[in-house]
Structures are given as structure tokens and as C-alpha cells.
Amino acid sequence: MASEFQVSLINQGVSIWNQWRTENPGIKPDLQGADLSQRDLSTGDFSGSNFYEANLRDTHFCHCNFTGASLYRTDMCMANLMGANLSYADFYKTSLYTANLTQANLRYAHLYRADLREALLQETDLAEANLYEVDMREAIMPAASLVRSTFYYSNLSRADLTGANLSVASLMGAVMENAQMSRASCVGTNLYRAKLKAANLAEADLREAVLRMADLSYANLENANLFRANLAEACLDYAQLGGANFKKTNLWHVNLGHLILSDPSLGPAFA
């Protein structure tokens with residue numbers, strides 16, 4: 001259970017809490033099961049804190065420090081974490097449904113089976129984060145940094161990844177149907193067996209990406225760069241390929257099915 005003394009400090013205001021943290025750097029805060037919902041705790045120092053199964057629903061945590069915090073099974077639905085430092089934090093089975101994580105730092109964070117449906121992650125830094133089996137359906141992530149992050153078997157259906165940086169990320173087996181990925185950087189990205197049906201990859205940089213056995217049926221790949229990409233056994237049935245670059249691409253046993261060239265004069269380059 002949460003420390004009643006520590007909860008009382010928070011109830012006195014963030015400035016009192018931060019002062020206590022400064023004066024007691026060796027104490028790891030225990031806020032397990034605490035109800036801190038609908039509070040304004042912006043700029044608070046919660047680094048290393050234990051929030052196991054705490055209620056942080058609809059709470060304002062703008063620019064807070066959660067470095068290394070344990071947020072296991074925490075309810076953070078609708079929480080405002082804009083600009084917060086969440087690096088190395090543990091979000092195992094945490095609910096972040098519709099949470100605002102704009103420009104937050106989630107580098108090296110652990111989000112196994114977390115719920116990030118419809119979460120706002122614009123310009124968020126998720127570099128080298130672990131997102132195993134995460135539910136990110138309809139998440140909004142334009143210009144987010146996902147470099148070297150891991151999304152094994154996660155669900156990103158209808159997610160907005162416009163202009164996001166997914167270079168060297170691993171999305172093996174990820175569900176990305178109808179995802180918006182135009183102008184995304186996917187250099188060296190692992191999309192083995194990814195489900196990209198009807199995804200928008202127009203002008204995406206997919207150089208040296210692994211798309212082996214990926215489902216790209218009905219996908220928009222117009223003007224995408226697939227130089228040296230591996231599409232062996234991938235499905236491109238009804239894909240739009242106008243202007244796409246397939247130079248030195250591995251197309252072994254690719255299912256080309258019905259290809260759509262919006263402008264035949266800008267047909268795909270397979271040389």
C-alpha cells in the first residue's frame with residue numbers, strides 16, 4: 001500500500017513534494033494503489049517511484065520526471081504527460097488510452113502489453129523502447145522518433161505515423177493495416193510478416209527494409225524508396241506502385257497480383 005505520509009505530501013502541493021524529494025534523495029517513493037486522479041501534478045519529481053495499480057486517470061503530469069518509475073498496471077487513461085521524462089519507466093499492462101504524450105521522452109521505456117489506443121504521441125521520443133504486444137490502434141504519432149524501438153506483434157492499425165522515424169526499428173509481425181506512414185523513414189526497419197494491408201506508405205523511405213512475407217496488398221507505395229529492400233514472398237496484390245524505386249530489391253516469389261500504376265509513365269523501377 002502507498003505511504004500515507006508520502007500521499008499527504010503530494011496533497012500539500014508539488015512544490016512541497018519536490019522539496020521533500022530533494023532533501024531525501026535516498027528514499028524510493030511508494031505510491032502503490034494511490035488515488036491521484038484528476039490532480040494537477042505538473043513538474044513533479046516522481047523518478048524511481050512505485051505506482052503499482054495506482055489511479056492516475058485524467059491527471060496532469062506535464063513536464064514531470066518519471067525516470068525509472070514503476071507504472072505496472074497503472075490507470076493513466078486521459079492523463080496529460082506532455083513533455084514528461086518517462087525514460088526507463090516500466091509501463092507493463094498500463095492503460096494509457098487517449099493519454100497525451102506529446103513531446104514526451106520514452107527512451108528505453110518498457111511498455112509490454114500497454115494500452116495506447118488513440119494516444120497522442122506527436123514528436124514523442126520512443127527510441128529504443130520495448131513495445132511488445134502493445135495496442136496502439138489509431139494512435140497519433142506524426143514525426144515521432146521510434147529509432148531502434150521494438151514492436152513485436154503490436155497492433156498499430158489506423159495509427160498515424162506520418163513523417164515518423166522508424167529506422168532500424170523491429171515491427172516483426174506487427175498489425176499496421178490502414179496505417180498512415182507517408183514520408184516515414186523506415187531505413188533498415190524489420191517488417192517481417194507485418195500486416196500492412198491498405199497502409200499509406202507514399203514517399204516512405206524503405207531502403208534496406210525487411211518486408212519478407214509482409215502483406216502489402218492494397219497498400220500505397222507511390223514514390224516510395226525500396227532500394228535494396230527485401231520483399232521476398234511479400235504480397236503486393238492491388239498495391240499502388242507509381243514512381244516507386246525497386247532497384248536492387250529482393251523480389252523473390254513476390255505476389256504481384258494486380259498492380260496499380262496511377263501514372264504509367266512513373267512506373268516502378270526494377271532495374
Looking only at heavy atoms, the pair that brings V14 and S42 closest together is CG1-O, 3.6 Å
CZ on R57 to CD on Q38, rounded to 0.5 Å:
9.0 Å
Are there over 12 heavy-atom neighbours, none belonging to R148, within less than 6.0 Å of that residue's CZ?
no
Output for pair (L161 CG, L201 CG), nearest 0.5 Å, gives 9.5 Å
Does T67 reach the side chain of L86, with side-chain heavy atoms less than 4.5 Å apart?
no
Establish, yes or no, whether the cationic atom of R212 lies under 6.0 Å from the six-membered ring centre of Y192 and within 45° of the ring axis.
no
Are any of the side-chain heavy atoms of L226 and N245 separated by less than 4.5 Å?
no
Mind running salt bridge (charged side-chain N to carboxylate O under 4.0 Å, His left out) on R158 and E138 for me, showing each step along the way?
CA-CA 5 Å; R158 299 180 299 280; E138 298 186 59; 3.5 Å; yes
Examine distances only and state if a side-chain atom of R207 and a backbone atom of S185 form a donor-acceptor pair shorter than 3.5 Å.
no
Within the structure provided, determine whether V175 and S154 are in side-chain contact (heavy-atom separation under 4.5 Å).
no
Would you say D75 and T94 make side-chain contact, with heavy atoms under 4.5 Å?
no
Using only heavy-atom distances, determine whether the side chains of N155 and D135 contain a donor-acceptor pair under 3.5 Å.
no
Please find the pair of heavy atoms, one from F91 and one from A114, that lie closest to each other, and give the distance.
O-CB, 3.7 Å
Quick check: is L216 connected to F246 through a chain of hydrophobic side chains (ILVMFWY, heavy atoms under 4.5 Å apart)?
yes
At their closest point, which heavy atom of L166 faces which heavy atom of C186, and how far apart are they?
CD1-SG, 3.9 Å
Taking it one step at a time, do L236 and V254 satisfy side chain to side chain contact (heavy atoms under 4.5 Å, CB included)?
CA-CA 7 Å; L236 290 167; V254 168; 3.6 Å; yes
Y238 vs S217 side-chain heavy atoms within contact, under 4.5 Å
no
Donor + acceptor pair across side chains of Y108, E128 (<3.5 Å)
yes
Heavy atoms, side chains only, cut-off 4.5 Å: are N85 and H63 in contact?
no
Scan V210, T150, N230 and name whichever one has a side-chain contact (heavy atoms from CB on, under 4.5 Å) with N190.
V210
Short question: side chain of D35, backbone of S37 - any donor-acceptor pair under 3.5 Å?
yes
Given side chain to side chain contact (heavy atoms under 4.5 Å, CB included), test M181 with L196 step by step and report yes or no.
CA-CA 10 Å; M181 299 175 68; L196 289 150; 4.0 Å; yes
What are the two closest non-hydrogen atoms of L101 and T124, and how far apart are they?
O-OG1, 2.5 Å
Side-chain H-bond candidate by donor/acceptor type, N223 with E203, under 3.5 Å:
no
Heavy-atom side-chain proximity of Q6 to W17 below 4.5 angstrom
yes
Is there a side-chain contact between W252 and L231 (heavy atoms, below 4.5 Å)?
no
Salt bridge (charged side-chain N to carboxylate O under 4.0 Å, His left out) for K195 and D215? Distances and angles first, verdict last.
CA-CA 5 Å; K195 297 174 177 61; D215 182 1; over 6 Å; no
So OG1 of T102 and CG of L120: to nearest 0.5 Å the spacing works out to 3.5 Å
Side chain to side chain contact (heavy atoms under 4.5 Å, CB included), that's the test. Do L71 and L56 meet it? Break it down for me.
CA-CA 10 Å; L71 294 146; L56 307 177; 4.0 Å; yes
Do other residues, nucleotides or ligands put more than 12 heavy atoms under 6.0 Å from F227 CZ?
yes
Would you compute the distance between atom CD of Q122 and atom CE of M82 and round it to the nearest 0.5 angstrom?
8.5 Å
Where do R137 and L116 land on the side chain to side chain contact (heavy atoms under 4.5 Å, CB included) test, with the steps shown first?
CA-CA 7 Å; R137 285 175 290 171; L116 283 153; over 6 Å; no
Provide the closest heavy-atom pair for D45 versus N18 in the form atom of the first, atom of the second, distance.
N-OD1, 2.8 Å
Looking at A34 and V7, what are the two nearest heavy atoms and their distance?
CB-CG2, 4.2 Å
Check the hydrophobic clustering (I, L, V, M, F, W, Y; side-chain heavy atoms under 4.5 Å; chains of links allowed) and say if L251 and L221 are grouped together.
yes
Single-linkage hydrophobic cluster W20~I10, side-chain heavy atoms < 4.5 angstrom:
yes
Is the distance from the ring center of F66 to that of F51 below 6.0 Å?
yes
Just by modelled atom types, is the Y132 backbone N or O under 3.5 Å from a matching donor or acceptor in the N130 side chain?
no
Going only through I, L, V, M, F, W and Y residues with side-chain contacts under 4.5 Å, is there a path from M176 to M172?
no
Only one of L146, L191, V134 passes side-chain contact (heavy atoms from CB on, under 4.5 Å) with F151; say which it is.
L146
Taken to the nearest 0.5 Å, the spacing of F61 CZ from T59 OG1 works out to 4.5 Å
Find out if a path of hydrophobic residues (ILVMFWY) with successive side-chain heavy-atom gaps under 4.5 Å connects L106 to Y112.
no
NE2 (H60) and CE (M78) are apart, to the nearest 0.5 Å, by 10.5 Å
